[in-house]
Colleague: 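Take this structure first; my questions come after.
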Amino acid sequence: MPSRDIIVIGASAGGVDALRRLCAALPADLRASLFIAQHLSPSARSVLPQLLDRAGPLPALSPVDGQAIEPGRIYVCAPDMHLLLRPGRILMRRGPYENRTRPAVNALFRSAAIHYGGRVTGIVLTGLLDDGTDGLIAVKAAGGLSVVQDPADAEWPSMPRNALKRDHVDHALALDHMPDLLARLVREEAGPTIPLPEEYLIEDRIAAQEFAVAEPQIVTPGEPSHLSCPDCGGVLNHIETEDEVRFRCQVGHAFTPLGLAAAQNDELERALAIAVRTHRDRIRLFEQMQDSAEKRGLAHAVRRWTEASRESGHMIEVLEEAMTSLRKASNEAEG
């Protein structure tokens, strides 16, 4: 009988150190394949595979598209690529962003749940917002197990805390206790695999870019909402499965509610910053016009340009106060 030999791990802020500690303590004879989605800068060169390879007894590497899965290996995401699973092999694909991240934890977990079901153990570690929560829900729904780092033990507790709020996890524990738990779980017989709703399968294929141009038009899961996508401006569909809500546009960009709120905050802050810059440019223009009017002795024009400059200064104060409030709300959501 198959065992629980597929372990998928997601992390964000603080994840590099947490992953090094976890991999350092794994047993050398662990008969499982581990797959890691760590949020990375899309333009950076990642040395995470080398760090994890040196940290512990199991070899770690960044796989290539189509690479065969072997037990006793740690497969690490690459920058700007989703790491996805298929029976016996790995996909590395530049599918649409999910919560403005690629690689996305949810994309990895979803693909593992679909193709390995009861053999999967999903783990959410330290990080911001809630990437990984919907993926854990998919893992559980397919018959797998969910493990979450104790938020009190996490450098950034938001990801594990949100997972605990929205899912009935099987194990919540400190990072130092995870290697022993995994060694035990890997020896257990896998549970039965439960087929997932079609929405999950379509979203998995969207992440993998598996839809051919000649294929009939793909219908994005869910129903159109009154919300627009922060990434492309298209209409977001409202998707509800397993009593959880998420959003995806026709291009494929996906968001959890927290991720969508954070993206909207980013867009608002960017717009406010542009408005502040424009008002500063206006003040410089008004000051030049004021100087010109003074030289020509046009008192009425001087008063007009002085008042315009004052109004722009006031608008800058209002906009900067709004930006401060947005940052505070964003930090509270991420914390």
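What you see is a predicted model, and the numbers here were worked out from it, not measured in a lab. The analysis underlying the following values was restricted to heavy atoms, covering all of them including side chains, and did not include hydrogens, waters or symmetry mates.
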Colleague: Taking only residues at least two apart or on different chains, which pairs with a member in residues 110-131 satisfy salt bridge (Lys or Arg N to Asp or Glu O under 4.0 Å)?
Modeller: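 Non-adjacent pairs meeting salt bridge (Lys or Arg N to Asp or Glu O under 4.0 Å): Asp5-Arg119, Glu98-Arg110, Asp130-Arg166.
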Colleague: Determine yes or no for a side-chain-to-main-chain donor-acceptor pair under 3.5 angstrom, with Tyr116 supplying the side chain and Arg86 the backbone.
Modeller: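 Yes, the answer is positive, given that a donor and an acceptor are paired below the 3.5 Å cut-off.
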Colleague: According to the side chain to side chain donor-acceptor pair (under 3.5 Å) rule, which pairs have a member within residues 61-74, sequence neighbours left out?
Modeller: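 For residues 61-74: Asp65-Arg93.
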Colleague: Which residues satisfy the salt bridge (charged side-chain N to carboxylate O under 4.0 Å, His left out) test with Arg284, sequence neighbours excluded?
Modeller: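 If we apply the salt bridge (charged side-chain N to carboxylate O under 4.0 Å, His left out) test to Arg284, skipping adjacent residues, the hits are Asp281.
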Colleague: Give the C-alpha distance, both sets of side-chain angles, the deciding distance and a yes or no for side chain to side chain contact (heavy atoms under 4.5 Å, CB included) between Glu189 and Ser3.
Modeller: CA-CA 4 Å; Glu189 183 178 311; Ser3 63; over 6 Å; no
Colleague: If hydrophobic clusters are built by linking Ile, Leu, Val, Met, Phe, Trp and Tyr wherever their side-chain heavy atoms come under 4.5 Å apart, do Ile90 and Leu19 end up in the same one?
Modeller: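 In one cluster with Ile90: Leu19, no.
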Colleague: With distance as the sole criterion, is a donor-acceptor pair present between the side chains of Thr126 and Glu155 under 3.5 Å?
Modeller: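 No, Glu155 and Thr126 have no side-chain donor paired with an acceptor closer than 3.5 Å.
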Colleague: Using the salt bridge (Lys or Arg N to Asp or Glu O under 4.0 Å) rule, collect all pairs that involve residues 252-266, keeping only residues at least two apart or in two chains.
Modeller: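 Passing the test, one end in residues 252-266: Arg100-Asp266.
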Colleague: Quick one: pull up CG in Asp150 and CZ in Arg161 and give me the separation to the nearest 0.5 Å.
Modeller: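 With rounding to 0.5 Å, CG (Asp150) is 10.5 Å from CZ (Arg161).
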Colleague: So, Thr193 side chain and Gly118 main chain: donor-acceptor pair closer than 3.5 Å or not?
Modeller: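 Yes: the side chain of Thr193 pairs with the backbone of Gly118.
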Colleague: Is there a donor-acceptor pair under 3.5 Å between the side chain of Ser146 and the backbone N or O of Lys140?
Modeller: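 No: the side chain of Ser146 does not pair with the backbone of Lys140.
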Colleague: Quick check: is Met92 connected to Val76 through a chain of hydrophobic side chains (ILVMFWY, heavy atoms under 4.5 Å apart)?
Modeller: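 In one cluster: no.
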Colleague: Checking Arg94 now: which residues fulfil salt bridge (charged side-chain N to carboxylate O under 4.0 Å, His left out) with it, not counting sequence neighbours?
Modeller: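 In terms of salt bridge (charged side-chain N to carboxylate O under 4.0 Å, His left out), with neighbours along the sequence ignored, Arg94 is linked to Asp80.
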Colleague: Cluster question for you: counting only ILVMFWY and a side-chain heavy-atom cut-off of under 4.5 Å, with indirect links fine, are Leu83 and Val8 together?
Modeller: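 Cluster IDs for Leu83 and Val8 match.
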Colleague: Tell me whether Arg248 is salt-bridged to Glu240, with the criterion being a basic N under 4.0 Å from an acidic carboxylate O.
Modeller: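 No.
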Colleague: Taking ring-ring contact (aromatic ring centres under 6.0 Å, His included) as the cut-off, I'd like each qualifying pair that reaches into residues 55-96, sequence neighbours left out, listed once.
Modeller: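 Only Phe35-Tyr75 qualify under ring-ring contact (aromatic ring centres under 6.0 Å, His included).
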Colleague: Just to verify, what does Ala141 make a side chain to side chain contact (heavy atoms under 4.5 Å, CB included) with, not counting sequence neighbours?
Modeller: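 Partners of Ala141 by the side chain to side chain contact (heavy atoms under 4.5 Å, CB included) criterion, ordered by chain and then number, come out as Leu196, Glu242.
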Colleague: List for me each residue that meets salt bridge (charged side-chain N to carboxylate O under 4.0 Å, His left out) alongside Glu269, sequence neighbours excluded, and say none if there are none.
Modeller: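 Arg327.
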Colleague: His238 and Ser225: side-chain donor and acceptor closer than 3.5 Å?
Modeller: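 Short answer, no.
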Colleague: Could you tell me whether the side chain of Asp53 and the main chain of Pro49 form a donor-acceptor pair under 3.5 Å?
Modeller: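 Not at all, since once roles are kept as given, no pair shorter than 3.5 Å links the two residues.
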Colleague: Tabulate below the donor-acceptor pairs under 3.5 Å that side-chain atoms of residues 171-184 make, not counting sequence neighbours, or state none.
Modeller:
| residue | atom | partner | partner atom | Å |
| --- | --- | --- | --- | --- |
| Asp176 | OD1 | Arg21 | NH2 | 2.9 |
| Arg184 | NH1 | Glu188 | OE2 | 3.2 |

Colleague: Output, in order, the C-alpha distance, side-chain angles, deciding distance and verdict of side chain to side chain donor-acceptor pair (under 3.5 Å) for Arg282 and Ser309.
Modeller: CA-CA 7 Å; Arg282 283 164 62 83; Ser309 180; over 6 Å; no
Colleague: Under the rule for ring pair (Phe, Tyr, Trp, His ring centres under 6.0 Å), what residues qualify as partners of His314, not counting sequence neighbours?
Modeller: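 If we apply the ring pair (Phe, Tyr, Trp, His ring centres under 6.0 Å) test to His314, skipping adjacent residues, there are no hits.
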Colleague: Is there a donor-acceptor pair closer than 3.5 Å between any side-chain N or O of Asp134 and the backbone N or O of Asn106?
Modeller: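 Checking the backbone N and O of Asn106 against the side chain of Asp134, no donor-acceptor pair under 3.5 Å is found.
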Colleague: According to salt bridge (charged side-chain N to carboxylate O under 4.0 Å, His left out), who are the partners of Arg303, at least two apart in sequence or on a separate chain?
Modeller: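 If we apply the salt bridge (charged side-chain N to carboxylate O under 4.0 Å, His left out) test to Arg303, skipping adjacent residues, there are no hits.
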Colleague: Do Leu258 and Ile239 sit in the same hydrophobic cluster, where Ile, Leu, Val, Met, Phe, Trp and Tyr count as joined when their side-chain heavy atoms come under 4.5 Å apart?
Modeller: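 No, separate clusters.
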Colleague: Residues in side chain to side chain contact (heavy atoms under 4.5 Å, CB included) with Lys295, at least two apart?
Modeller: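 Residues passing side chain to side chain contact (heavy atoms under 4.5 Å, CB included) with Lys295: none at all.
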Colleague: Quick check: is Val124 connected to Val16 through a chain of hydrophobic side chains (ILVMFWY, heavy atoms under 4.5 Å apart)?
Modeller: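 Different hydrophobic clusters.
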